[in-house]
Amino acid sequence: MEHRYEPREIEPRWQRVWEDEQTWHVDNAALDEAGVDPVYVLEMLPYPSGEPHVGHLKNYAIGDAVAHFRRRRGDTVLHPMGFDSFGLPAENNAIKTGQHPREATEASIASFQRQFRDWGVSIDWSREIASHRPEYYRWTQWIFLKLFEHGLVERRSAAVNWDPVEETVLANEQVIDGRGERSGALVEIRQLEQWFLRITDYAQRLLDDLDTIEWPEHVKTMQRNWIGRSQGAQVVFHNDELDADYEVFTTRPDTLFGATFFVMAPEHPDVLRLAEGTEQEQAVREYVNRSLAGDRSERGAADKQKTGVFLGRHVVNPVNGDRLPMYVADYVLMDYGTGAIMAVPGHDQRDFDFAQAYDLPVKRVIAGPADPAGESLEEAADGGPLSDDAAAGGSPSPDDDALPYVGDGPLVNSHPDFDGTHNREALASISDWLATEGKGQASINFRLRDWLVSRQRYWGCPIPIVHCDRCGVVPVPEDQLPVVLPDVEDYKPKGKSPLAAAEEWVATSCPTCGGPARRETDTLDTFVDSSWYFLRYTDAGNDGAAWDPAVTNRWLPVDQYIGGVEHAILHLLYARFFCKALSDIGVLDVNEPFQNLFTQGMITKDGAKMSKSKGNTVAPREIVERFGADSARTYVLFLGPPDQDADWSDEGVEGVNRFLSRLWRFAAEAAEAGGAVVAQDGTVSGAPGATAPVDPQGDDLELLRKAHWAIDKVTQDLDGRFAFNTAVAAVMELTNAISARRNAVVQDGGNPDAGAAAATAGDATGWAAIRFATATAVSLLQPFAPHLAADAYQRLTGLRIWEQPWPVAEQRFLERDEFELVVQVQGKVRDRLTVPVSASREQLEELALASDKVRAHVDGKTVVKVIVVPGKLVNVVVR
RNA sequence: GCCCGGGUGGCGGAACGGUAGACGCGGCGGACUCAAAAUCCGCUUCUCGCAAGGGAGUGUGGGUUCGAUUCCCACCCCGGGUACCA
């Protein structure tokens with residue numbers, strides 16, 4: 001009989017079974033059963049736009065493999081799915097076409113769902129969420145109110161990033177090189193009333209708790225850098241003319257004695273006031289206006305020539321009473337530290353550059369390492385930019401190191417108490433001294449900013465706030481949620497949210513006083529939606545609460561989270577923040593949401609990122625139609641290590657498809673061959689003419705060994721290693737071995753079509769071994785190719801593969817009584833000998849030295865040493 | 001500049017400090033076929049050699065070791081993140 005692998009027939013058939021039986025549904029009641037090990041496997045929430053791309057395919061192929069593997073290892077697996085369905089693409093489409101974003105979004109969701117089903121991903125669809133639906137965003141609003149109630153929401157006027165193309169503000173994180181992340185437009189700075197979440201309150205915990213989670217090290221590093229903790233000191237500088245104190249933050253209080261001027265950011269609120277009445281007033285005003293108008297990217301360029309203007313005022317250095325001229329300069333940033341710095345040109349490159357440009361004094365307070373007599377001059381002669389600058393600035397004495405000097409060394413020119421002390425030691429004592437003198441104190445500063453969450457856009461979650469003339473900002477009471485997003489005519493933002501045009505919706509009454517009030521018209525950043533969806537999955541049907549902590553705390557943390565590195569900072573940081581905040585509030589007990597994180601690499605085409613404009617996209621739908629979902633899934637996993645980028649190849653998919661076809665055919669054939677079977681203990685039962693089970697022999701034994709080797713290999717590769725590519729390769733090897741044995745048996749006359757009756761005893765055991773090996777291969781492949789596995793396994797055994805436990809390798813088949821001994825001379829392989837495993841070290845050495853090939857390389861030389869690695873090799877060292 | 005990744009056949013990639021190149025793609029040769037496709041079998045790092053066999057080889061240069069793709073030092077190239085953060 002002709003056997004043909006027909007994924008187009010097989011795959012929908014099994015998908016229907018799983019759907020009809022709700023195979024992947026997991027009930028929360030399962031949590032109460034004895035011995036249940038709840039495991040949460042989650043891929044990052046997709047944004048539904050058009051159709052899924054190969055990145056999604058890879059993401060879900062990985063996640064589904066993990067989910068299947070863990071189920072068959074006996075865990076109770078939660079594997080849900082949903083959609084990050086608020087956001088700009090649907091809204092921009094609405095602006096262009098007039099189609100309601102909801103329609104486009106729901107259409108995309110339907111397309112995604114259809115394809116995820118076509119892929120056979122084992123999802124519990126009963127828990128599906130979509131962030132744009134009121135039954136979901138009702139609870140997004142509830143969370144906002146909880147945070148508000150606990151002081152973690154703030155409305156304040158702030159200099160914000162304004163994207164002139166999208167006509168909305170952006171979070172710092174969404175500004176790349178001074179341009180909007182999506183629009184690419186140069187971002188302007190505007191002063192606006194905005195909503196913030198106080199994530200900075202959690203900076204230290206967000207940093208510390210990275211040590212408690214299993215994430216790729218580079219992702220942790222990115223988060224650490226983003227949080228940007230700096231240890232240093234706050235120091236107060238006094239201005240006599242206005243009798244004002246100005247604090248600065250510095251990580252180098254050891255260089256305080258080297259401060260020669262003082263600089264404020266152009267945005268600093270006191271800059272104009274300070275210059276007022278001085279002859280510098282006009283110049284300062286012009287400078288500030290110019291720098292505020294300029295775009296951010298230009299200002300950010302580190303190699304830019306430094307500019308600034310004297311404020312006409314001075315501050316006093318608290319440690320030595322020096323009068324320092326005050327400047328405004330755009331190299332000082334308002335949103336880091338206090339927006340003002342003490343400038344130490346002797347030991348800071350930026351301050352040095354500024355000092356050079358404006359001819360300000362440079363003072364050394366830390367001695368360099370160089371031998372005063374010689375070395376430093378040679379270094380200077382080598383001609384780095386530093387030494388050139390120093391020469392141009394006229395370094396005070398030739399035996400000094402080039403300035404600025406940013407290294408360590410003993411303090412000089414500072415204070416009798418400190419001179420001579422190493423600067424690293426002085427760091428702490430100067431901070432202490434400042435504190436006792438009341439001139440400052442040790443301080444920690446973070447780079448992390450509060451999270452700006454308001455957006456002047458339509459397609460987002462309405463902020464549940466009402467503005468009342470009498471009561472001010474009033475939160476919408478919980479029992480009035482959700483605040484439903486109204487329909488509008490025009491989606492285009494005109495400097496304010498399109499919601500402002502929905503006048504009937506905006507006009508409301510104050511929940512507190514009942515008087516006329518207006519609804520908040522900004523919507524929430526969509527990162528808010530995706531910061532808690534993994535909590536909702538655990539209790540998705542709950543319409544009385546966002547979740548039941550008794551349930552959610554059991555499922556969380558997510559045991560395995562899988563997604564792209566592009567979310568290494570924003571999404572992952574925000575989600576961590578939400579869990580900590582909600583746990584502090586008392587509605588949750590989850591310190592860290594994602595215990596294990598796996599970040600997948602990108603799939604490229606022809607070495608480049610896929611994009612429509614380049615025309616190098618690969619549509620998963622087309623691949624699935626041509627080769628089937630199993631081939632597509634197995635291929636993306638076989639492509640290479642899943643955490644690395646990999647290039648798509650059509651020939652590669654064909655190769656995997658070829659492999660699956662072969663395996664399926666062997667299974668179909670072996671299922672019909674009948675006859676003996678391999679029993680649980682590895683013996684062969686029911687061979688014609690045999691009254692008792694027999695041990696497999698010869699080629700059959702070798703095939704069974706290969707099968708057990710594959711079990712061992714695949715299990716190790718999947719158990720926390722994510723080595724899908726080598727796991728698939730192992731099953732391919734097993735399939736090659738099956739093929740060889742099958743060809744031999746058929747050659748021998750063991751016609752599979754003849755059935756058990758016609759088969760000889762040898763053929764019967766041969767088919768038994770093939771059937772066992774095939775069933776094993778199929779079983780091991782199930783996490784990658786679930787349809788093929790279900791179909792082939794049912795043919796072979798009548799059983800449902802997804803209900804079978806993961807196979808376990810039998811030790812007796814892994815062990816051998818002989819092995820190939822590699823014999824080296826001087827570390828070079830000269831011979832390979834088949835030797836008994838039981839051979840002693842001495843015997844191995846003897847056998848190795850007895851080899852003719854070895855002797856040829858040893859003769860005439862003296863054997864100095866013989867290294868014996870039992871079970872592996874012998875290395876003969878000669879002289 | 002700083003912080004991560006990564007450099008291995010024609011290509012994607014394998015290798016607890018112990019046989020470099022598993023597995024796949026591509027290529028070459030063969031079987032089956034009237035023919036082709038599909039399928040099956042064999043070969044396929046480079047190089048010298050008819051062969052047996054030898055030599056070289058994991059970005060470059062050093063080092064540790066009986067033995068290094070693997071560990072250490074210095075450097076080169078590619079990709080990503082970040083950048084006037086005081």
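So that the names make sense, note that chain A is the first sequence line, chain B the second, and so on, each numbered from 1.
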Euclidean distance for [atom1], [N] against [M] (whole angstrom):
N: B/G49; M: B/A56; atom1: C1'; value: 15 Å
N: B/U58; M: B/G6; atom1: C1'; value: 14 Å
N: B/C16; M: B/G12; atom1: C1'; value: 25 Å
N: B/A14; M: B/G53; atom1: P; value: 32 Å
N: B/G79; M: B/A74; atom1: P; value: 24 Å
N: B/G42; M: B/C48; atom1: C1'; value: 25 Å
N: B/C46; M: B/G9; atom1: P; value: 11 Å
N: B/C11; M: B/G21; atom1: C1'; value: 13 Å

Under 3.5 Å on both distances, the Watson-Crick or G-U partner of [N]:
N: B/G26; value: B/U44
N: B/U33; value: none
N: B/U82; value: B/G1
N: B/U69; value: none
N: B/A52; value: none

Open item on the list: I'd like to compare against my own output: the B/S/- annotation of nucleotides 20-27 of chain B with a strict under-4.0 Å heavy-atom distance to protein.
Closed with: S-BBSSS-
Do [X] and [Y] touch side chain to side chain, with heavy atoms closer than 4.5 Å?
X: A/Leu448; Y: A/Leu207; answer: no
X: A/Ile366; Y: A/Asp408; answer: no
X: A/Met610; Y: A/Ile603; answer: yes
X: A/Val54; Y: A/Lys605; answer: no

TODO: Name the orientation class of the two ring planes belonging to A/Phe354 and A/Tyr327 (parallel below 30°, tilted from 30 to 60°, perpendicular beyond 60°).
DONE: perpendicular
Open item on the list: Is the ring pair A/Phe722/A/Phe598 parallel, tilted or perpendicular, if the boundaries are 30 and 60 degrees?
Closed with: parallel
- [ ] Give a yes/no answer on whether the side chain of A/Arg4 brings an N or O atom under 4.0 Å of OP1 or OP2 in B/U39.
- [x]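 Checking A/Arg4 against B/U39: no side-chain N or O falls below 4.0 Å of OP1 or OP2.
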Open item on the list: Strictly below 4.0 Å: does A/Asn445 bring a side-chain N or O up to OP1 or OP2 of B/A86?
Closed with: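 Answer no for this pair, as no side-chain N or O of A/Asn445 is under 4.0 Å from OP1 or OP2.
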- [ ] Write out all pairs satisfying side chain to side chain donor-acceptor pair (under 3.5 Å) with one or both partners inside residues 855-871 of chain A, taking only residues at least two apart or from two chains.
- [x]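 The answer is A/Arg830-A/His857.
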Polar pairs (N or O, both sides) under 3.5 Å between protein and nucleotides 5-8 of chain B?
none

May I ask you to say what [X] touches in the nucleic acid, namely base, sugar-phosphate or nothing, with a heavy-atom cut-off under 4.0 Å?
X: A/Leu639; value: sugar-phosphate
X: A/Asn875; value: base
X: A/Val877; value: sugar-phosphate

Of all the choices, [options], which nucleotide is nearest to the side chain of [X] once you look at every atom?
X: A/Tyr336; options: B/U82, B/A86, B/C84; answer: B/A86
X: A/Val332; options: B/A14, B/G81, B/A86; answer: B/A86
X: A/Trp226; options: B/C40, B/A86, B/U82; answer: B/U82
X: A/Lys306; options: B/C84, B/C16, B/A86; answer: B/C84

Open item on the list: Between A/Arg224 and A/Asp211, does any side-chain N to carboxylate O distance fall below 4.0 Å?
Closed with: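 Here A/Arg224 pairs with A/Asp211 in a salt bridge, since their nearest N and O are under 4.0 Å apart.
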Task: A/Glu702 bridged to A/Arg816 by N-O distance under 4.0 Å - done: yes
Open item on the list: Need the glycosidic conformation of B/G9: syn if within 90° of 0, anti if not. Which one?
Closed with: syn
Open item on the list: Once ring-ring contact (aromatic ring centres under 6.0 Å, His included) is applied, do any residues pair with A/His347, and if so which ones, sequence neighbours excluded?
Closed with: none
Open item on the list: Please enumerate all residues that pass ring-ring contact (aromatic ring centres under 6.0 Å, His included) together with A/Trp215, with sequence neighbours excluded.
Closed with: none
- [ ] In sequence, state the C-alpha distance, the side-chain angles, and the governing distance for A/Gln204 and A/Arg229, and then conclude on side chain to side chain donor-acceptor pair (under 3.5 Å).
- [x] CA-CA 8 Å; A/Gln204 188 66 51; A/Arg229 184 186 194 271; 2.9 Å; yes
Which atom pairs link the protein and nucleotides 46-55 of chain B when you take only N or O atoms and keep those under 3.5 Å?
| residue | atom | partner | partner atom | Å |
| --- | --- | --- | --- | --- |
| B/G55 | OP1 | A/Arg830 | NH2 | 3.4 |
| B/G55 | OP2 | A/Arg830 | NH1 | 3.2 |

Task: Step-by-step side chain to side chain donor-acceptor pair (under 3.5 Å) determination, A/Asn423 to A/Asp254 - done: CA-CA 6 Å; A/Asn423 71 310; A/Asp254 54 322; 3.0 Å; yes
Open item on the list: Here's a test of your reading of the structure: between A/Asp717 and A/Ala340, which maps to the more 5' nucleotide of RNA chain B?
Closed with: A/Asp717
